[in-house]
Amino acid sequence: MQFIRCVNASQSAASTAADDTYKRKVDDFMKKKMIVMFAAVAMTLSTAATGAHAADGPYSISKLIHTPLTIEVLINARKITFPDARPFNENGSVLVPVRVVSENLGGKLSLSGKDITIVKGTRTIKLTIGSREGNVNGKPLILNTAAKVIGGRTFVPLRFVSEALGVAVEWDNVNQFVWIGSKDIPKLEDVAKLVDIKPFLPYYKGVENLLDIYHTGTKATQAYVLEEKDFPFLLNSSYYYRWDLIKSEGGSTYIRSSTTQTGSMGTGLFFLSNDKKYRDRSELAGLRESIGSYRIHYYKEASISDKNNFGDTNYMNFRLSSVEYVGIGDAVDTKGYPILVKNLFK
């Protein structure tokens, strides 16, 4: 009996040792498998983020393609409208259609052959198409760039004409703005239209609580509505300069928002789409750029939040062309009126 007990004990010890060996092998195998899986995931994310022409996914962004912004001219912090020919930069000088600049600066324009004359009060500017020579009240001056005719429109160097008419000029390289005169940007509530909320209520079906963001017990009865011409504006303590579209190498579209907002969490946007859906968009904080006092924020056109919020399984095919208004997730005061911008990307 003693011998049998010894044999059984020996067999039990051997079995335990075998089990331990097997468990160690399984553990080693699982560890190696996890390492391989993590490496594969890391490689996938790295490729999605930096790989050439990698497709963007719900959690990945390929390299953004920074195309030049359009040049905007502002007089006293309000944009000039160019009905056809737009300003352009040549050798560091911004050229604009002469009639637009003369009229907006209060000057009287006359054209005679190649000779251009602009008169404002006691100041007279004379330019000649194709020549860098000009004069102000008879005093000869040399221009950086000659006036020229393109597509039937006469273009003149904006800085020379503005300063010759006694108006301060400043170039903003980040926003591609030419500031003329005052840079006092108006408050949002001074440029936006305050309208009844009723036409917008269908967009808020199911998310009516967003019409009472401060939980006052009273839903918003009005909304602020802006257009592209109302940029730039001041919202609380942040300036909103411009919105533009930017593409990634993967072919996805993003909104580029230029502001001075410095908070760690950027203000979100939301879309009111023509299918009467409210689609929220958070800032992609990892892409934010800080350039001096400017902060450049980015937002996805298509977001998995649409699937999470209301079951849109086709969310990756969503396009800004189907958006009626782009909203700003902020408020002027505790009334919490929605801030809506007519879609300027249609």
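We're numbering straight along the sequence, starting at 1. This one's a predicted model, so the numbers in the text were calculated from it and none came from an experiment. Computed from heavy atoms alone, side chains included, the values below leave out hydrogens, waters and symmetry copies.
A donor-acceptor pair is defined here as one N or O able to donate and one able to accept, closer than 3.5 Å; no such pair exists between the side chain of Arg295 and the backbone of Thr262. Panel note: side chain Asn144, backbone Ser93; no donor-acceptor pair is recorded below 3.5 Å. Under a 3.5 Å cut-off, the side chain of Arg281 and the backbone N or O of Glu301 do form a donor-acceptor pair.
The one candidate from Val326, Ile328, Leu340 that meets the side-chain contact (heavy atoms from CB on, under 4.5 Å) condition with Phe270 is Leu340. Exactly one residue among Tyr298, Trp243, Tyr241 makes a side-chain hydrogen bond (donor to acceptor under 3.5 Å, both in side chains) with Ser257. That residue is Trp243. Considering Thr117, Leu109, Val119 in turn, Leu109 is the only one that fulfils the side-chain contact (heavy atoms from CB on, under 4.5 Å) rule with Ser102.
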- Query: Checking salt bridge (charged side-chain N to carboxylate O under 4.0 Å, His left out) for the pair Asp56/Lys247: CA distance, chi angles, key distance, verdict?
  - Reply: CA-CA 11 Å; Asp56 294 14; Lys247 289 281 189 179; over 6 Å; no

- Given side-chain contact (heavy atoms from CB on, under 4.5 Å), test Val178 with Leu74 step by step and report yes or no. CA-CA 6 Å; Val178 180; Leu74 299 88; over 6 Å; no

- Step by step, would you call Gln261 with Thr267 a side-chain hydrogen bond (donor to acceptor under 3.5 Å, both in side chains)? CA-CA 8 Å; Gln261 191 179 60; Thr267 297; 2.4 Å; yes

- side-chain hydrogen bond (donor to acceptor under 3.5 Å, both in side chains) between Ser258 and Asn175, intermediate numbers included: CA-CA 7 Å; Ser258 177; Asn175 292 307; 2.5 Å; yes

- Query: Going through the checks in order, is the side-chain contact (heavy atoms from CB on, under 4.5 Å) test met by Asp280 and Asn309?
  - Reply: CA-CA 9 Å; Asp280 69 313; Asn309 292 340; 2.7 Å; yes

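Within 6.0 Å of NZ in Lys276 there are more than 12 heavy atoms belonging to other residues, nucleotides or ligands. Residue Lys126 qualifies as open at atom NZ: its count of foreign heavy atoms under 6.0 Å is 12 or below.
Each salt bridge (charged side-chain N to carboxylate O under 4.0 Å, His left out) pair with one or both residues in residues 159-183, not counting sequence neighbours, appears once here: Arg159-Glu163, Glu170-Lys183. Evaluation of the ring-ring contact (aromatic ring centres under 6.0 Å, His included) test over residues 75-113, restricted to residues two or more places apart or in two chains, returns Phe88-Phe155. For the salt bridge (charged side-chain N to carboxylate O under 4.0 Å, His left out) condition, no pair includes a residue of residues 98-107, sequence neighbours left out. For the salt bridge (charged side-chain N to carboxylate O under 4.0 Å, His left out) condition, the pairs that include at least one residue of residues 75-85, sequence neighbours left out, are Asp84-Arg153. Evaluation of the salt bridge (charged side-chain N to carboxylate O under 4.0 Å, His left out) test over residues 257-271, restricted to residues two or more places apart or in two chains, returns none.
Asn104 is linked by a side-chain contact (heavy atoms from CB on, under 4.5 Å) to Ile75, Ile80, Val100, counting only residues two or more places apart in sequence or in another chain. With sequence neighbours excluded, no residue forms a side-chain hydrogen bond (donor to acceptor under 3.5 Å, both in side chains) with Thr218. By the side-chain hydrogen bond (donor to acceptor under 3.5 Å, both in side chains) test, Lys148 pairs with Glu90, sequence neighbours left out. With sequence neighbours excluded, no residue forms a side-chain hydrogen bond (donor to acceptor under 3.5 Å, both in side chains) with Thr154. Not counting sequence neighbours, the partners of Asn236 by the side-chain contact (heavy atoms from CB on, under 4.5 Å) test are Asp330. Residues satisfying the side-chain hydrogen bond (donor to acceptor under 3.5 Å, both in side chains) test with Arg86, not counting sequence neighbours, are Glu72.
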What donor-acceptor contacts under 3.5 angstrom involve side-chain atoms of residues 191-212, with partners at least two apart or in another chain?
{"residue": "Asp196", "atom": "OD1", "partner": "Lys198", "partner atom": "N", "Å": "2.7"}
{"residue": "Glu208", "atom": "OE1", "partner": "Gly206", "partner atom": "N", "Å": "3.1"}
{"residue": "Glu208", "atom": "OE2", "partner": "Gly206", "partner atom": "N", "Å": "3.1"}
{"residue": "Asp212", "atom": "OD1", "partner": "His215", "partner atom": "N", "Å": "3.3"}
{"residue": "Asp212", "atom": "OD1", "partner": "Thr216", "partner atom": "N", "Å": "2.9"}
{"residue": "Asp212", "atom": "OD1", "partner": "Thr216", "partner atom": "OG1", "Å": "3.0"}
{"residue": "Asp212", "atom": "OD2", "partner": "Thr216", "partner atom": "N", "Å": "3.3"}
{"residue": "Asp212", "atom": "OD2", "partner": "Gly217", "partner atom": "N", "Å": "2.9"}

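Closest non-hydrogen pair, Glu249 versus Ser62, comes out as N-OG, 3.6 Å. Here the closest heavy-atom approach between residue Thr70 and residue Gln176 is recorded as O-CB, 3.7 Å. Here the shortest heavy-atom pairing between Val156 and Val161 reads CG2-CG2, 3.9 Å.
For the pair Lys187 and Phe233, the NZ or CZ position fails the cation-pi test of under 6.0 Å to the six-membered ring centre and within 45 degrees of the ring normal.
For the atom pair OH of Tyr224 and CD of Glu189, the computed distance is 5.5 Å after rounding to the nearest 0.5 Å.
Using a 4.0 Å cut-off between charged nitrogen and carboxylate oxygen, Asp312 and Arg279 count as a salt-bridge pair.
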